[in-house]
Amino acid sequence: MRKNIVAGNWKMNTTLQEGVELANEINTLLEGKSKNCEVVICVPFTHLTSVNAVIEPSIIGLGAENCSEHESGAYTGEVSASMVKSTGATHVILGHSERRQYFGENNEQLLAKTKQALANGLTPIFCVGEVLEERENGTYNDVVRSQVEALFSLSADDFAKIIIAYEPVWAIGTGKTATAEQAQDMHANIRHTIEEKYGKELADNTSILYGGSCKPGNAPELFAKPDVDGGLIGGAALKADSFIGIIEAFN
Ligand code: 13P
C-alpha cells in the first residue's frame, strides 16, 4: 500500500549554518519517537551534503528542490541529478509551481528532469496544481490532469516510483488552505487519472501529498481524507516544532 509522507520544502531559506541547525533539531526531536509517516526534508543544493551528515537516514529522507534536465556538460549554474544523488539525497522536488511560474519550466522539460531523477535513483516529488484563475473559471481539474499526463510516456515501473504533490497555487504561502474536501476531490481526480493510464493497483499505491498553507492546525483534517497521503510543507517546515506538529497529525 501507499506510504504516508510529510516532506518539507525549505525553498530559498536558511543559510548553510541555519539549515544544518534546523535539520539537526528535527532529527533530534524525531529520534526515538514513533511516527506513522515517512519524513523527508528538501533543502537548497548548497545544504545537501552538510545536512546529510547530521540526519539519520532511517529517520529523515533528504531531497533537493530541483535538478537539471540534462545529464552533464556545459550548463553553467545547473545541478544534475547525479550530483544530487552523490550528496546522499534520495528525493527531488520537480515542477514546483514557483519553478513553473518564475523559471518557465514546461511539461517537456519536467518530463526530462523526471527521467534524469529516475535514471539516477532519486524519487521525484512531482508537483501539480492550478492557479487562482483556473480554480475560479472551473478548469482546475483539466489543468491538473494535463500536468499529470505530462508524465504518461513513462513506463509503469518508472511512474510507480513517483510521489505526486498537489499544490493549488492560490494556497501556497497565502495562509489560504484548500478545504479538506477540495483537496480530497482533486486527489481522487489525480488518482483516477493515474488509474486510467496505469491501472488501479498502481494508482492505489501512488502517494499523493497536499501542499499549500498546511500547518499543525489543519493537517489532521487534511490527512484524514482517504486520498490525501501527507503533505509537502513550505513555511511550517522552517520551524522544527511546527514541522513535527504536522508529522504528528499521522499519530
Ligand atoms: P506553504 O506551506 O508555505 O504554503 O508552501 C507550500 C509549498 O509550496 C510547498 O512546496
Side-chain angles (χ1 to χ4, degrees), residues 4-14 18-19 22-23 26 37-45 47-48 51 60-67 84 89-103 105 110 113-114 117 122-132 134-135 140 143-144 147-148 162-180 182-183 186-187 190 207-223 225 228-250:
N4 292 328
I5 302 163
V6 172
N9 173 11
W10 289 7
K11 307 192 181 186
M12 198 174 75
N13 292 299
T14 72
E18 289 162 350
L22 175 59
I26 295 168
C37 63
E38 276 191 17
V39 176
V40 181
I41 53 176
C42 299
V43 307
F45 291 132
H47 298 22
L48 285 167
V51 166
I60 307 176
L62 177 65
E65 301 173 14
N66 181 30
C67 73
V84 170
T90 47
H91 291 68
V92 59
I93 295 173
L94 293 175
H96 192 280
S97 62
E98 289 148 18
R99 301 289 322 166
R100 293 178 190 260
Q101 189 179 347
Y102 306 138
F103 303 96
E105 292 188 0
L110 291 173
K113 286 175 185 237
T114 303
L122 293 170
T123 300
I125 302 175
F126 190 85
C127 302
V128 297
E130 80 283 359
V131 299
L132 184 60
E134 294 157 344
R135 172 59 58 173
Y140 52 97
V143 168
V144 171
Q147 291 171 339
V148 175
I162 292 172
I163 298 164
I164 303 284
Y166 168 57
E167 302 204 310
V169 180
W170 47 271
I172 295 177
T174 57
K176 199 172 163 184
T177 329
T179 64
Q182 284 172 322
M186 182 60 87
H187 284 223
I190 293 170
S207 295
I208 307 177
L209 314 184
Y210 169 80
S213 300
C214 188
K215 309 230 154 31
N218 58 26
E221 193 188 353
L222 286 158
F223 297 173
K225 293 293 177 192
V228 179
D229 308 311
L232 181 56
I233 318 301
L238 291 169
K239 292 261 179 321
D241 55 351
S242 53
F243 190 54
I244 304 287
I246 294 172
I247 293 164
E248 284 172 347
F250 274 119

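The structure presented is a predicted model; accordingly, all values stated were derived computationally and were not measured. Only this structure's heavy atoms are used, side chains among them; waters, hydrogens and symmetry mates stay out. As the structure lists them, so they are numbered: ligands from 1, and atoms in each ligand from 1.
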Tyr166 side chain to Gln182 side chain, donor-acceptor N/O pair below 3.5 angstrom: no
No-hydrogen, no-angle side-chain donor-acceptor test under 3.5 Å, His96 and Glu65: no
Can you check whether [Y]'s main-chain N or O pairs, donor with acceptor, with [X]'s side chain at less than 3.5 Å?
X: Ser213; Y: Ala171; answer: yes
X: Asn9; Y: Gly234; answer: no
X: Glu221; Y: Asn218; answer: no
X: Thr174; Y: Lys176; answer: yes

Distance from atom 2 (O) of ligand 1 to nearest protein heavy atom, with residue and atom: Gly234 N, 2.9 Å
Polar atom proximity, Thr174 to ligand 1 (N or O, under 3.5 Å): no
Which segment of Ala171 sits under 4.0 Å of ligand 1 when only heavy atoms are counted: backbone
Contact partition for Ile172 relative to ligand 1, non-hydrogen atoms under 4.0 Å: both
Where ligand 1 meets [X] - atom numbers and elements under 4.0 angstrom, heavy-atom basis:
X: Gly235; value: 1 (P), 2 (O), 3 (O)
X: Gly212; value: 4 (O), 6 (C)
X: Gly173; value: 1 (P), 3 (O), 4 (O)
X: Glu167; value: 6 (C), 7 (C), 8 (O), 9 (C), 10 (O)
X: His96; value: 7 (C), 8 (O), 9 (C), 10 (O)

Check against side chain to side chain contact (heavy atoms under 4.5 Å, CB included), Ile172 and Ser97: CA-CA 9 Å; Ile172 295 177; Ser97 62; 3.3 Å; yes
Ligand 1 contacted by Lys11 (non-hydrogen, < 4.0 Å): yes
